[in-house]
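Reviewing the structure listed below.
For this chain, numbers begin at 1 and follow the sequence in order. The shown structure was predicted, so the numbers you read here are calculated from the model rather than taken from an experiment. Each ligand, and each atom within it, is numbered from 1 in the order the structure gives.
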Amino acid sequence: MPIVTPLTKLLGIRVPVVQGGMQWVGLPQLVAAVSNAGGLGILTALTQPSPEHLRLAIRETRQKTDKPFGVNITLLPTINPPDYEGYARVAVEEGVKIVETAGNSPSKLIAFLKSQGCIVIHKCTTIRHAKASERLGVDVISVDGFECAGHPGEDDIPGMTLLARAAQELKTPFIASGGIGDSRGFAAALALGAAGINMGTRFMATVESPIHQNIKETMVKSTEQDTVHIFRTLRNTARVYKNKISKEVVAIENRPGGAKFEDIRELVSGARGKMVYENGDPEYGIWSLGISVGVIKDIPTCEELVSRLESETEAIIENLSRMRVERAKL
Ligand code: NAD
């Protein structure tokens, strides 16, 4: 029995699994593979050097899939300020119907996307922000727990409680993000009231993920202990792979007197982090990674991964309902 939720109906997808925006990873080959597998692939706008490059990436994705896919636009501090409006305009011009937004002060961007008839999935790390985005008219809220890769916000509420709170407070459908890498997490998210899941880290370790094989293998060998938070003292916290660079950043931040962004800029730059995915050296720079890396034990194709998530989650749901029947017999 397929897993039908408000998300599958709204987005026109078979399995309620979204591949969340990932800097340097959300490229056409991965996005198309996820969408072809029945989930929703998402292109990361800022991975493209300009809005016109995003236009080409959207066209390339369309050549690889005729299924729905989205574009992610993230509004967070950056070394070079991006042309957010330009990326949004190009996505709309190219007929993209689903946009994932994330980050700070999104109201202008969301108003523009809604005025153009887009379905907006907005990522939030607190109930306060989720309720504010509900007032802005977003269609789906991606509720992002503390376990997530990248930016978890500053409130540190893990998914188990954050999702239960979302179910209590939100009227808008929400999906569970952060910490989910297998069918157990998927079923738990549905039980907590989510209409689907968002996974980033798990999709990094797939055959179609456009990162170096050595990084995928490093992920398989890693455990849930292998991430660390940087930027805590700058209130731009990010969960990343624990390596010598991220440890050095934390040490600089914890120096007496603290650190300014300039003190760590060279170590943390995205351009350097991107090299990790190209040269396969996990120690070379900063790369985002979620705690769910602990449950990743293989490097499947997206088709294998999404099918497995679907069938195993269906089996878990069946087992849980059988538990009720068997309890009734006692
Ligand atoms: P970048 O090279 O501009 O910056 C590297 C890191 O430093 C980023 O985490 C950024 O947030 C942080 N940073 C930059 N200026 C800062 C400041 N003044 N104070 C505190 N922190 C600062 O980043 P990039 O790799 O080119 O990525 C572009 C943007 O996309 C960043 O905001 C990044 O956080 C964000 N991002 C998006 C995704 C996604 O899924 N869409 C994933 C990871 C990062």
Side-chain angles (χ1 to χ4, degrees), residues 18-27 30-31 34 40-51 53-54 57 69-84 86-88 91 96 98-106 109 120-125 142 144 148-154 175 177-178 198-204 209-211 215 227-241 243 245-246 248-250 252-253 258-278 284-290 292:
V18 175
Q19 164 255 309
M22 288 176 277
Q23 183 66 320
W24 316 126
V25 185
L27 290 168
L30 176 63
V31 175
V34 175
L40 184 82
I42 295 199
L43 274 176
T44 303
L46 302 192
T47 292
Q48 301 300 327
S50 72
H53 287 86
L54 176 63
F69 66 90
V71 165
N72 163 286
I73 302 178
T74 297
L75 309 163
L76 284 168
T78 53
I79 292 173
N80 302 308
D83 176 9
Y84 296 117
Y87 286 108
V96 170
I98 305 164
V99 180
E100 178 190 60
T101 56
N104 306 327
S105 309
L109 176 63
V120 177
I121 305 173
H122 185 60
K123 194 174 266 194
C124 298
T125 57
S142 185
D144 205 16
C148 71
H151 299 271
E154 308 302 324
I175 59 175
S177 179
N198 178 89
M199 299 193 308
T201 298
R202 175 63 269 203
F203 279 116
M204 281 171 69
S209 158
I211 66 174
I215 301 304
T227 74
V228 66
H229 277 144
I230 58 169
F231 299 146
R232 277 253 94 149
T233 61
L234 301 175
R235 294 192 62 76
N236 184 34
T237 300
R239 187 183 294 285
V240 302
Y241 180 63
N243 61 12
I245 306 282
S246 52
E248 193 179 337
V249 170
V250 172
I252 295 171
E253 284 191 76
K260 294 191 289 303
F261 182 70
E262 287 63 42
D263 302 334
I264 51 175
R265 180 203 307 254
E266 294 311 313
L267 293 172
V268 302
S269 90
R272 179 170 180 162
K274 183 182 178 205
M275 289 301 294
V276 167
Y277 299 142
E278 289 173 10
Y284 189 82
I286 296 291
W287 51 290
S288 294
L289 196 67
S292 66

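- Y277 and W287 have perpendicular rings, their planes meeting at more than 60° on a 0 to 90° scale where under 30° would count as parallel.
- Around ligand 1 you find G21, M22, Q23, W24, T44, L46, N72, T74, L76, P77, T78, I79, H151, F231, N236, F261, V268, S269, G270, each with a heavy-atom distance below 4.0 Å.
- There is no side-chain donor-acceptor pair under 3.5 Å between D144 and S142.
- No side-chain donor-acceptor contact under 3.5 Å links N198 to the backbone of G178.
- Counting heavy atoms of neighbouring residues, nucleotides and ligands inside a 6.0 Å radius, atom CD of E266 does not exceed 12 of them.
- The ring-ring contact (aromatic ring centres under 6.0 Å, His included) search around F69 returns none, not counting sequence neighbours.
- Here the side chains of E154 and R232 are in contact, with some heavy-atom distance below 4.5 Å.
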